[in-house]
Structure formats: structure tokens, C-alpha cells
2 protein chains.
Amino acid sequence: MSTIGNSQKGRKRRPRSHARPSAAAAALQGLRGARMTDVANLAKVSAMTVSRALRHPAIVDPETLKRIHGAIEATGYLPNRIAGSLASQRSNIVGLIVPSLRNSLFAETVKGVADTLGDAYDLLIADSGYVLDREEAAVAAFLSQRVCGIVLHNTKHTPRTRRMIQSAAIPCVETGNLVRCPIDMAASFSNHKAAYDMTAYLIGKGYKRIAFVSLPLDDNDRARERQSGYLGALKAHRRAIDRNIILESAPGLRGGAEALIELMKKRPRIDAVFLTGDVLATGALLEANRKGWRVPDDIAIAGSDDNELQEYVSPPLTSVRFPRYDIGCTAASMLLKRIDGVPSAERVVDLGFQIIPRAST
Amino acid sequence: MSTIGNSQKGRKRRPRSHARPSAAAAALQGLRGARMTDVANLAKVSAMTVSRALRHPAIVDPETLKRIHGAIEATGYLPNRIAGSLASQRSNIVGLIVPSLRNSLFAETVKGVADTLGDAYDLLIADSGYVLDREEAAVAAFLSQRVCGIVLHNTKHTPRTRRMIQSAAIPCVETGNLVRCPIDMAASFSNHKAAYDMTAYLIGKGYKRIAFVSLPLDDNDRARERQSGYLGALKAHRRAIDRNIILESAPGLRGGAEALIELMKKRPRIDAVFLTGDVLATGALLEANRKGWRVPDDIAIAGSDDNELQEYVSPPLTSVRFPRYDIGCTAASMLLKRIDGVPSAERVVDLGFQIIPRAST
DNA sequence: TTGAAAGCGATACCAG
DNA sequence: CTGGTATCGCTTTCAA
């Protein structure tokens with residue numbers, strides 16, 4: 001019957017070790033590690049009511065709500081989502097895997113996803129380094145973390161990756177290429193068609209010998225699609241295909257510059273180059289400027305993945321614009337719809353692309 | 001006494017709704033949602049032994065281990081880290097907050113963190129949009145998620161942000177600027193000194209009227225530090241300070257281009273500009289090229305955050321190089337050390353920077 | 001080297 | 001509108 005207070009009810013148990021760094025300090029600050037029960041005791045309600053106050057405030061008495069919020073404030077309570085997720089069997093974490101965190105292309109998509117997810121969801125990110133096995137490992141890690149959805153940039157996967165995601169039965173959107181048979185859903189554009197259209201555009205402008213440069217095709221389904229789009233356009237227009245002017249290049253400005261140099265050395269008769277991927281086209285253009293090769297008179301240059309830089313160089317680059325930010329937004333919103341149980345319209349969404357003609361061709 | 005099998009022991013309970021999408025299908029595939037108990041039953045051991053097999057294989061009998069791995073394979077078991085984290089009171093998720101996911105500067109640091117964390121930790125990422133209140137919200141979300149450590153790019157925070165992190169008592173590294181009093185730890189370089197040194201370098205090259213352009217100082221401690229470094233160098237060299245040639249610019253190539261135009265219009269007598277932040281310097285250089293202003297004869301241009309592009313434009317840009325990738329690596333490794341209980345050496349690590357003189361000055 | 005029991009902190013369900 | 005109770009799936013502890 002002490003008159004000291006009823007603090008008894010609040011803190012009991014915790015017999016396992018878990019040594020909290022000084023219960024005294026915690027009490028002093030009234031902050032460290034308050035649990036829902038602590039809030040409940042302070043507000044003279046049950047933990048359940050606190051839980052409701054947080055999740056469905058509308059069905060809680062306004063007065064009660066006020067007391068609870070006061071208690072939350074006083075204790076510095078931060079809900080434990082680990083416990084919440086375990087109990088409710090649902091998490092609010094979305095996983096995203098890109099081939100490279102460095103590449104600012106992907107940053108656009110990441111930003112679209114993050115913006116669309118908003119405050120209600122958190123974003124787990126991993127980098128597959130363009131390696132399928134690393135993607136698989138990241139997927140396994142994410143599934144262990146029980147993410148509520150996955151966004152993959154890659155559209156080529158190991159069998160186990162597909163199996164794991166399908167078994168987990170969580171929504172998944174692939175964004176790197178418009179695939180016919182997605183694991184689950186896809187939001188993207190057709191790399192094949194983009195390359196086809198750009199090549200056709202160059203042919204239409206009257207260029208006779210058009211070279212093609214991309215990143216290495218190995219494990220890179222996007223690059224592969226683009227090369228096949230280029231080849232398709234040549235065939236459709238009955239142009240000869242010359243394997244000598246089809247290159248795979250290292251990434252970076254230097255990669256593009258070196259590719260151009262090689263092409264000009266080997267086959268001076270080419271009159272146009274389409275460099276797709278990374279910043280290859282910009283690298284080539286800057287190199288042409290340095291060498292004094294006139295663009296487009298000596299050599300026309302077209303790029304892809306349009307950005308502010310391609311618009312600002314001289315001459316500005318003809319390019320294909322991909323809606324990467326929108327793709328991120330769309331991917332996230334497809335995920336959210338599924339999570340919210342909205343009957344899904346389409347599983348594969350084509351966001352298209354746009355050829356931007358400029359002075360370099 | 002059925003002779004059908006002992007599958008009885010495996011699947012019982014689960015009376016709450018949680019309707020798993022068809023237990024039959026699950027059984028068929030033998031995959032969906034196996035729990036540790038299921039693995040244990042199949043391997044004829046207790047769940048505890050499975051747990052040990054996963055976490056401390058060395059202390060489990062090799063034969064037992066083999067059976068357990070077989071069972072894991074057969075069931076497609078993926079450990080549930082939510083449950084694991086709740087039980088062990090520790091998570092393996094690190095949280096990272098950058099001002100902008102779009103900016104490739106930050107991508108370097110993100111990559112450094114991700115690479116260093118390796119497979120044992122997952123990375124939660126948020127974007128504060130350069131707004132302190134959004135940083136605070138992200139920190140609250142991360143703490144709710146019970147991250148085991150936090151990396152912040154910002155070094156200016158709301159009081160509540162600091163309080164939350166300190167109360168949570170988890171390791172935290174700030175990376176955007178070398179702060180004297182970090183919340184916990186810091187790994188960075190001095191923005192002040194970098195700007196000071198670059199300004200002094202320009203003075204040493206004989207430039208008389210040096211303009212300064214940065215991103216808006218508002219809520220941006222890095223930009224603030226850089227401006228003060230510039231001012232400090234001018235003072236130290238007894239140069240007059242002219243507020244008319246100190247600009248805050250919008251980001252992007254366009255921002256840099258417009259800043260240069262404004263400076264040339266207003267004060268044609270300036271002979272050098274130091275543009276720091278984003279891609280401002282590159283934008284200015286490209287604009288100078290377009291306008292036919294000779295660099296460095298008409299106007300010298302220096303930048304910061306050196307990258308491949310600054311090296312490739314003509315003339316190549318004098319710049320300051322920041323070790324952003326290393327900063328990410330260092331930040332992550334400081335976090336890991338603390339998590340592993342390694343007695344921490346220094347709380348603040350200065351990674352330095354490097355002035356790269358090129359033809360633009 | 002292995003197992004049984006008791007939590008971790010929240011939520012679902014049902015009763016009041 | 002509110003509370004009691006039984007889990008969620010794993011790890012800690014302690015005993016065998």
C-alpha cells in the first residue's frame with residue numbers, strides 16, 4: 001500500500017538479460033525504450049487501446065485519444081514495427097534491387113519509387129552489381145526481412161530468384177525492360193523498340209553506315225534488347241549488317257570516347273553512331289569536339305537516356321528519353337494497389353519513350 | 001494410431017485467421033512459408049537446434065547439420081528475421097538518409113556504405129529532400145523499424161532528431177561535413193577548408209576578382225560552410241569582399257549557366273568564378289563555350305566535386321575532389337565496429353579532399 | 001551437443 | 001468504445 005505511486009504496474013518482468021543501458025537513466029529521461037504497455041499504463045488504458053489510437057484513431061474516444069497522445073509524448077514512445085509486423089504478419093518495407101547504385105539512371109527510378117511510397121512504407125535497397133547471383137542473394141535477404149513487395153530492375157533472373165518470389169507470393173514489379181512474362185508485374189518501356197526507332201530515325205535522316213555501341217551484353221538483357229532493335233531496323237530497311245561497326249564498350253565517358261576513336265580509325269566511312277547506355281554518347285561527342293571532328297557533318301552521334309547534359313553539350317545530342325522517374329512511380333503504385341487488394345488492371349505497363357531530335361544528327 | 005505418417009506434429013495450430021493462400025498448394029509445393037519448426041520436424045530435431053545450425057554451425061553435430069540443411073532445402077525455408085529480431089532485440093538493418101536520391105554525388109556514398117555493409121546487413125534508404133523536418137520523419141521511421149545504426153548526410157538537424165537518436169542509443173555517423181559536435185560520430189571532410197583552399201589557390205594563380213556561386217544556403221550546412229571558407233580566404237589575403245559577386249544558384253547545368261551569365265552581365269570585370277555544388281561549374285563552362293567566352297583567358301572557372309565529366313570537358317575543369325565513396329565505407333565500418341562492440345578509436349574522422357588543377361584556371 | 005520453457009512487443013479476435 | 005487472451009516465429013536461458 002505504498003503511496004509513492006502506481007508505477008509498479010508499468011515496469012515489471014524483463015527477466016532475460018538484455019541489459020538496457022541503465023534503467024535509472026531511462027527513468028530520468030522518461031524516454032529510452034518505452035513500450036506500448038508503458039504508454040497504456042500512463043494513459044490508464046489497455047495496450048490494445050493504444051494500438052487502436054495509433055492505427056484507427058477514428059474509433060477511439062477523443063478524450064482517450066488525447067490522454068494517449070499525451071502519454072506518447074511524455075514517454076517518447078516510438079512504435080516497434082518489428083513486433084507489429086510479426087503480430088500482424090505484414091510489413092511496411094519495400095525492397096528494391098538495382099544493377100548499380102552509382103549509376104544516376106537508376107537514381108531516377110529509385111526516387112520515383114521512394115516518392116510514391118510516401119511515409120507509410122520504408123525502402124530497402126540493394127545493388128546487384130549486374131550479377132544475377134547477387135540479385136538472388138539480395139532477394140533472399142529481402143524475403144527474410146519479409147518485405148511486402150519487391151521492385152527489380154533486372155528482367156533476367158536465376159531460376160531460384162523467380163521461384164523464391166513466386167513462393168513468397170508477394171507483389172513484384174520488374175522495371176528494366178518490358179517483358180512478356182514477368183515474374184509478377186512489369187512497368188517499363190521496350191528497349192528493343194527504342195533502339196529500333198532510333199535506328200530507323202537515323203536511316204530516315206539519310207545516314208548510310210550507322211554504327212552501334214552498347215554496354216557489354218553479358219547478363220544485361222537491356223543491352224541485348226537494344227542491339228536486337230538496332231539489327232531489326234537495319235534488316236527492315238534492307239541495310240547490310242557489318243559486325244565490325246557493332247561494339248560493346250566499357251562504361252563511362254571514356255568508354256564512349258574510346259569507342260568513337262576505334263570506329264573512326266577502323267571504318268572512316270561510317271557516317272553515324274548510335275551509342276546507347278550509360279554516358280557513352282556524351283563521351284563520344286566530347287571526344288569528337290576535342291579531335292575537331294565535326295558533328296554531324298563528319299559523323300552524326302545519337303544517344304539514349306536523355307538528360308540535361310545531352311541537351312547542354314555542343315551540339316546538343318539527339319537522344320531517346322526514357323520515363324525513368326515515372327517508371328519508379330508506376331512500379332510503386334502497382335505494388336501498393338496489390339498490397340491494398342485493389343483488383344489489378346494490367347500486369348504489364350508500357351510507359352513508352354520519346355525520340356528527341358537535336359543538332360547532333 | 002494412424003500409420004499415415006507423423007506429419008501431425010508439423011502442422012497444427014494457426015487458429016487466427018491469417019488465411020494462408022491454400023494450405024493444400026503449400027503442401028504440394030512444400031515451399032510456401034515454412035517455419036523453423038517445420039524444418040526442425042523434418043530434420044527430427046528441435047527448433048533450437050535449427051536456430052543454432054544457422055547461427056553457430058560450429059557447435060552443432062555435423063550429421064545433424066547435414067539433416068537440417070537437407071530439410072531447409074526441402075522446405076525452401078527462409079528465416080524470418082522479423083521474428084528473429086524481435087526475439088534477439090537486435091536488427092541487421094542500417095538506415096541511411098540523403099538529401100536527394102537523384103543526385104549522383106550521394107550515390108557514391110550510398111555505394112560505399114552498401115559495399116562495406118556486405119551481405120550481413122540490409123540498407124534502408126530515405127530522402128530528406130533537403131528539409132530538416134523530413135529528415136526527422138525519416139529518423140522516426142527508421143527507429144520504429146529498429147535499425148541497428150544510422151548514417152546521415154546532413155549535419156544540421158532538428159532538436160528532436162538529435163534527441164531521438166541519442167535516446168535510442170544506436171550508433172550514428174554524419175557524413176556531409178566535418179562537424180565538431182556530432183550526434184555520435186562523423187566521417188567527412190571540411191567543406192570550409194575545401195572552399196578556403198580553392199579560393200586561396202585561385203588567388204595564388206593571380207586572379208583578382210573571384211566570384212563565388214553555391215546552392216542556396218538555406219537549411220544547407222555544406223553550402224554555408226563553403227561560402228564561409230571562400231570569405232575566410234579572401235579575408236586572410238586582404239581581398240575586398242563584394243556581395244554582388246556572391247550568388248546562390250538553382251541546381252543543375254542550367255543553374256550554373258545562368259549564374260555565369262548573370263555575373264558576366266553585372267560585373268564584367270571578374271576574372272574568375274568558383275562554383276561549388278551540384279554540376280554548377282560544368283554548366284558554367286559549357287555556357288562559356290557556347291557564348292564564345294575563352295576559359296581561362298576571359299574568365300577562369302573552378303568547380304568542386306570532381307568527376308569524370310569535369311575532366312572530359314574542354315578545357316578540363318580545375319576542381320576539388322571529395323572522397324565520397326571512402327566516406328561511405330568509413331561511415332559503415334565505424335557503425336559496424338560499434339555494433340560489434342569494438343572500442344571506438346576516434347569519433348570524428350577527416351577524410352580530406354584534393355585540389356585538382358586543370359586548364360580552366 | 002541438444003531440448004523445454006519463457007519471453008520479445010505488438011495485433012487479431014472476441015467478449016463486454 | 002474498451003479490454004483480455006492467445007498468438008506471430010524466433011532466441012535466450014537453463015537444464016539435461
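Bear in mind the structure is a predicted one, so any value in this text is a computation, not a measurement. Just so it is clear, the values below take in all heavy atoms, side chains as well, and ignore hydrogens, waters and symmetry mates. Proteins get letters first, then strands, A, B, ... in listed order; numbering begins at 1 in each.
Between the NE2 atom of His56(A) and the C1' atom of dT11(C) there is a distance of 9 Å, given to the nearest Å. Atom CD1 in Ile68(A) sits roughly 13 Å away from atom P in dA10(C) (whole-Å rounding). Straight-line distance from the CG atom of Asn41(A) to the P atom of dG9(C): 14 Å, rounded to whole Å. Computed from coordinates, the Gln145(B) CD to dA10(C) C1' distance equals 13 Å when rounded to whole Å. A straight line from CZ of Arg35(B) to P of dT11(D) spans 15 Å, rounded to a whole angstrom. Following rounding to the nearest Å, Arg90(A) (CZ) and dA10(C) (P) show an atom-to-atom distance of 17 Å. Rounded to an integer number of Å, the gap from CZ of Arg81(A) to P of dG9(D) is 17 Å. Here dT11(C) presents its C1' atom at 12 Å from CG of Leu54(A), a figure rounded to the nearest Å.
The two residues Val179(B) and Ala186(B) make their nearest non-hydrogen contact at CG2-CB, 3.9 Å. Counting all heavy atoms, side chain and backbone alike, Ile82(B) lies closest to Ser91(A) at CD1-CB, 4.3 Å.
Counting heavy atoms from C-beta outward, Glu174(A) and Asn154(A) have side chains that stay 4.5 Å or more apart. The side-chain heavy atoms of Val94(B) and Leu124(B), taken from C-beta on, include no pair separated by under 4.5 Å. Under the 4.5 Å side-chain criterion, counting only non-hydrogen atoms from C-beta, Arg338(A) is in contact with Asp184(A).
Under the rule for a ring-ring contact (aromatic ring centres under 6.0 Å, His included), Phe142(A) has no partner lying at least two apart in sequence or in another chain.
Within the structure, every side-chain polar atom (N or O) of Ser51(B) is placed at least 4.0 Å from both OP1 and OP2 of dC10(D). When the side-chain nitrogen and oxygen atoms of Gln89(A) are compared with OP1 and OP2 of dG9(D), one or more of them lie within a distance under 4.0 Å.
For Met36(B), the side-chain atoms get nearest to dC10(D) when compared with the rest of dT11(C), dC10(D), dC8(C).
Ser85(B) places a side-chain N or O within donor-acceptor distance of the main-chain N or O of Arg81(B), the cut-off being under 3.5 Å.
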Using nucleotides 2-5 of chain C, report all nitrogen or oxygen pairs with the protein that are shorter than 3.5 Å.
from: dT2(C); atom 1: OP1; to: Thr64(B); atom 2: OG1; distance (Å): 2.4
from: dT2(C); atom 1: OP2; to: Asp61(B); atom 2: N; distance (Å): 3.0
from: dG3(C); atom 1: OP2; to: Ser46(B); atom 2: N; distance (Å): 2.9
from: dG3(C); atom 1: OP2; to: Ser46(B); atom 2: OG; distance (Å): 3.1
from: dG3(C); atom 1: OP2; to: Thr49(B); atom 2: OG1; distance (Å): 2.5
from: dG3(C); atom 1: N7; to: Arg52(B); atom 2: NH2; distance (Å): 3.2
from: dG3(C); atom 1: O6; to: Arg52(B); atom 2: NH2; distance (Å): 2.6

